[in-house]
Enquirer: 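Once you've had a glance at the structure underneath, I'll fire off some questions.
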Number of protein chains: 2
Amino acid sequence: MTATGAPRMIQDRALRPTTKVLPEHIRLNNRTLVLQTLYRSGLQSRADLARETGLTRVTVSDLISELMGENLVIELGQRQESRPGKPATLLDINRVAFQIVSLDLSGHTRLRGAVLSLDGAVLSSSEVELAGARGEAAFDKVAELLAQVIARATAPILGVGIGSPGIVDRAGVVRNAPNLGWRDQPLQARLQDATGLPVRVVNDANAAVLAEHSFGGADHDLLLVKVGHGVGAGLLIGGRAIFGERFAAGEIGHVVIGTDDGPLCVCGKSGCLEAWLSVPRLTAAIHDATAQAATPADAERAVSDILTEAGRRLGIILAPVVGALNLLEIVLSGPPELLDGPLSTATVETLRSRTMATETGDLTLRMTAQGEDIVLRGAAVMVLSAQLGVS
Amino acid sequence: MTATGAPRMIQDRALRPTTKVLPEHIRLNNRTLVLQTLYRSGLQSRADLARETGLTRVTVSDLISELMGENLVIELGQRQESRPGKPATLLDINRVAFQIVSLDLSGHTRLRGAVLSLDGAVLSSSEVELAGARGEAAFDKVAELLAQVIARATAPILGVGIGSPGIVDRAGVVRNAPNLGWRDQPLQARLQDATGLPVRVVNDANAAVLAEHSFGGADHDLLLVKVGHGVGAGLLIGGRAIFGERFAAGEIGHVVIGTDDGPLCVCGKSGCLEAWLSVPRLTAAIHDATAQAATPADAERAVSDILTEAGRRLGIILAPVVGALNLLEIVLSGPPELLDGPLSTATVETLRSRTMATETGDLTLRMTAQGEDIVLRGAAVMVLSAQLGVS
DNA sequence: CATGTTTGTTAGTAAACCTTACGAACGAAA
DNA sequence: TTTCGTTCGTAAGGTTTACTAACAAACATG
């Protein structure tokens, strides 16, 4: 029995549609496609865009005139090239027409804010001491910082991106952030009302992984481990951020490592990742060891041992994740003097020895190049993505 | 500086478009949407579909007439209901017009095949002994079984779905399957050429997780652990299967567990999951313990200890994955006499004690209800998804 | 200077959905 | 029995979208 009259093959795009599509959605898709292409490749002509997107020159021209009408795209004169044919008119995203405001609330004692260009460059930054403020007082600090940063913008603001510690849902409600004393804090909605600007709130580690993806040249599958006062992770699979069923994806700080016990954690368990790896724990351990050491050489060796063990622990906890997701790229974010040395070396060695290296490709582990601005830049990516569909 | 003239908000659908969209793609999306709705809800009128999909009655009628032309949808008389207005004409997927052929190659010694209805019910099944065949001989066994099963179909065949052990890429090439002696075996393409039918080849655990999702009422985020001669996992996030950068997602069989050593594994490492949990290892350990036990009570306790320890090991390795992905649902597939008891109890207890239970929701772990047919049914889901966009 | 090439635009076409309108079929009330 | 309102499915016409075809402008080259 053969497949006589069997239905046509469905393309990947049509797998499990969840919503109806109308003609106007086509326009939005293609408009964003053009913008995205221009954002990434920069200076291009209409004909270039047509070739790259597969759309016709006519359609691209039409979309471009719409985008120019919104001041999102500008013409930059003609291409200087000695070729036959009419010279191309170069286009680019109008990178100075708008700015992005970002806040990083993940610092333990200090909130940071900045104005960024559409390219993710920090143009100016501000800080506010948290000074132990919690709950509504902490919200006031955030609102105050936001107003300050907004005032420093020198172009229309495309939107506001905020990276917050804790568990943040898709609507930008901070479900739980112990450090700031927030529970079910509707941060996005409140700040949107207060400022009249589009606001996006995401978890800090999720913001960080977006920054690494967009600006750090990272792959489509990526795990970023952010080490600070706590330890969290951001996860990108197929270029999409993973949030988890209860928006707590990446919350690996209180997963227990290994089958021996470990240091007691504030959460009550023993051997949590955070008890091994958080910055306060590491600095305290290093301080103790240095104080007890007889000679500088002894001290150095003791410090190296501490960092190596911490790195090994990180490798142990990441190995199942790397195996289950077949991850090839892991990025660390945090104090380089702690992470970038024996620690990361031990982590990658542990990972390689505990997973099946053959067949699964070669694992890469590196420090982020984004430095301290990683959350700010990631929050900006959220804004670009939400407002322009670009990143 | 405010957002004067800031561009419109982009919907989620437009985030990162990668391809141009044409008007005909709309049609495909909406056609599939209608088919999907009908597949899941069954008996519905055109007006019902219009209300549920958001499309107009006119558009739904047009799509339905197209689908009826392909014999995919049929009318089933009028609704028997005492209501004002013209009675509705009930529609349904023509569930007997097509059948699906599935193969399960994951058995250690035996290959299974079946004809399934569009609902995923097994209509008839066949088996072939592998008899140690490897490489090209194993391929011949598969082709022979496939021909047998195809001959038993009693309706046009929608397509062929195959669940294979090992690493399978998106094109259905089996990159590596030690048990079958395959390396870069283009199974999908070869069988497609041989049969003239659409063929889809996926990893067996990935097929299984699709079956659990479609037929087992599972959630959108789901991890399925398949315990057999080896141990593998299938992962679903947001309703989408995760394949991994090198198509090896779910290959957790050779990840090392814990910080004490463990049994030596065939891969050379000590303490791999497979060394703790594979069916041969467990049955051997149980056999030894039973033989050494003085009394039946001793034997029972020893068996329980072995299964509890295996379950604990599974919990240890899954904890970081569950934490990192914020998974709430885990399903086990394999011999229930081994898995469904002390083992699964120990796994879920270990998971709960090693992850942050609060905030992340309550974890569920259960046996699959799909039994031995799970891979066959999952392979059928692949066909439904590829050919009709339905599942 | 004629020719060929490339760019961007104009005009017309096809596909998809929508809105509006209508006949058919039914229950309920006058 | 007749009238009215409701619901279903279809028909006709309009809008949006991107496409094809054709063209003018601007340039290099022989």
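Keep in mind that what you see is a predicted model, and the values were worked out from it rather than measured. Quick note on labels: first sequence line is chain A, next is B, and so on, each numbered from 1.
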Enquirer: Considering only heavy atoms, which members of residues 51-60 of chain A lie under 4.0 Å from some atom of DNA chain C?
Expert: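 The answer is Arg51(A), Arg57(A), Val58(A).
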Enquirer: Look at the side chain of Pro87(B) and decide which nucleotide, out of dA25(C), dT5(C), dG8(C), has an atom nearest to it.
Expert: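 Of dA25(C), dT5(C), dG8(C), dA25(C) is nearest to the side chain of Pro87(B).
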Enquirer: Expressed as a whole number of angstroms, how long is the span from Leu91(B):CG to dC8(D):P?
Expert: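 Answer to the nearest Å: 12 Å.
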Enquirer: Specify the separation, in whole Å, of atom CZ of Arg31(A) and atom P of dA18(D).
Expert: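 Taking atom P of dA18(D) as the reference, CZ of Arg31(A) is at 12 Å.
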Enquirer: Rounded to the Å, how far apart are Leu63(B) CG and dC17(C) P?
Expert: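 One finds 6 Å between P of dC17(C) and CG of Leu63(B), rounded.
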Enquirer: Do any N or O atoms from the side chain of Asp119(A) and from the backbone of Ala121(A) form a donor-acceptor pair under 3.5 angstrom?
Expert: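 Checking the backbone N and O of Ala121(A) against the side chain of Asp119(A), no donor-acceptor pair under 3.5 Å is found.
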Enquirer: Sub-3.5 Å donor-acceptor pair from the side chain of Ser65(B) to the main-chain atoms of Asp62(B), do we have one?
Expert: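 Here the side-chain-to-backbone pair exists.
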Enquirer: What is the distance, to the nearest angstrom, from the NE2 atom on His25(A) to the C1' atom on dA18(D)?
Expert: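 Taking atom C1' of dA18(D) as the reference, NE2 of His25(A) is at 17 Å.
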Enquirer: Say whether, by atom type as modelled, one donor and one acceptor occur between the side chain of Glu329(B) and the main chain of Asp219(B) under 3.5 angstrom.
Expert: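 Yes, the answer is positive, given that a donor and an acceptor are paired below the 3.5 Å cut-off.
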Enquirer: Would you call Glu70(B) and Arg31(B) a salt bridge, using N to O less than 4.0 angstrom?
Expert: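 A salt bridge is present here (some side-chain N lies under 4.0 Å from a carboxylate O).
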Enquirer: Please determine whether a side-chain nitrogen or oxygen atom of Arg79(A) lies at a distance below 4.0 Å from atom OP1 or OP2 of dT6(C).
Expert: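 Answer is no, no contact under 4.0 Å.
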Enquirer: Nearest whole angstrom, please: distance from the C1' of dG9(D) to the CD of Gln78(B).
Expert: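 Rounding to the nearest Å, CD of Gln78(B) and C1' of dG9(D) are 11 Å apart.
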Enquirer: Leu22(B) side chain: which of dC19(D), dT6(C), dG9(D) is closest?
Expert: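 Looking only at heavy atoms from C-beta outward on Leu22(B), the closest nucleotide is dC19(D).
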Enquirer: For Asp62(A) and dT20(D), give me the distance from atom CG to atom C1', rounded to whole Å.
Expert: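 Those two atoms, CG and C1', are 15 Å apart.
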Enquirer: Considering only side-chain heavy atoms of Ala88(B), which listed nucleotide, dC8(D), dG8(C), dA16(C), is closest?
Expert: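 Closest nucleotide to the Ala88(B) side chain: dC8(D).
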Enquirer: At what distance, to the nearest 0.5 angstrom, does CD1 of Ile64(B) lie from CG of Leu91(B)?
Expert: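 So the gap between those two atoms works out to 5.0 Å.
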Enquirer: Let me know, please, whether Pro23(A) or Lys86(A) comes out on the 5' side of the other along DNA chain D by nearest nucleotide.
Expert: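 It is Pro23(A) whose nearest nucleotide is closer to the 5' end.
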Enquirer: Starting at atom CD of Gln44(A), determine the distance to atom C1' of dG8(C), rounded to an integer number of angstrom.
Expert: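 About 16 Å, once rounded to whole Å.
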Enquirer: Can you see if the side chain of Thr89(A) gets near the phosphate of dG8(C) - specifically, an N or O under 4.0 Å from OP1 or OP2?
Expert: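 Yes, within the criterion.
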Enquirer: For Arg40(A) and Ser391(A), indicate whether the former's side chain and the latter's backbone hold a donor-acceptor pair under 3.5 Å.
Expert: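 Here the side-chain-to-backbone pair exists.
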Enquirer: Hey, is Asp221(B) close enough to Arg246(A) for a salt bridge, meaning N to O under 4.0 Å?
Expert: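 No salt bridge links Asp221(B) with Arg246(A).
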Enquirer: Hey, is Arg51(A) close enough to Asp48(A) for a salt bridge, meaning N to O under 4.0 Å?
Expert: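 Looking at Asp48(A) together with Arg51(A), the answer is yes, because their closest N to O distance falls below 4.0 Å.
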Enquirer: Starting from the 5' end of DNA chain C, give me the residue, Gly85(A) or Glu75(A), whose nearest nucleotide shows up first.
Expert: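 Of the two residues, Gly85(A) wins.
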Enquirer: May I ask you to verify if any side-chain N or O of Ser61(B) is less than 4.0 angstrom from the OP1 or OP2 atom of dT10(D)?
Expert: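 Affirmative; the distance criterion is met.
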Enquirer: Rounded to the nearest angstrom, tell me the gap between atom CG in Leu43(A) and atom P in dT7(C).
Expert: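 From Leu43(A) CG to dT7(C) P: 15 Å.
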Enquirer: Could you tell me whether the phosphate oxygens of dT7(D), OP1 or OP2, come under 4.0 Å of any side-chain nitrogen or oxygen in Arg46(B)?
Expert: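 Checking dT7(D) against Arg46(B), no side-chain N or O comes under 4.0 Å of OP1 or OP2.
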Enquirer: For Arg27(B) and dC17(C), is the shortest distance between a side-chain N/O and OP1 or OP2 below 4.0 Å?
Expert: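 Result: yes.
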Enquirer: With a 4.0 Å limit, can you tell me whether Asn30(B) has a side-chain N or O closer than that to the phosphate oxygens OP1/OP2 of dA16(C)?
Expert: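 Checking dA16(C) against Asn30(B), no side-chain N or O comes under 4.0 Å of OP1 or OP2.
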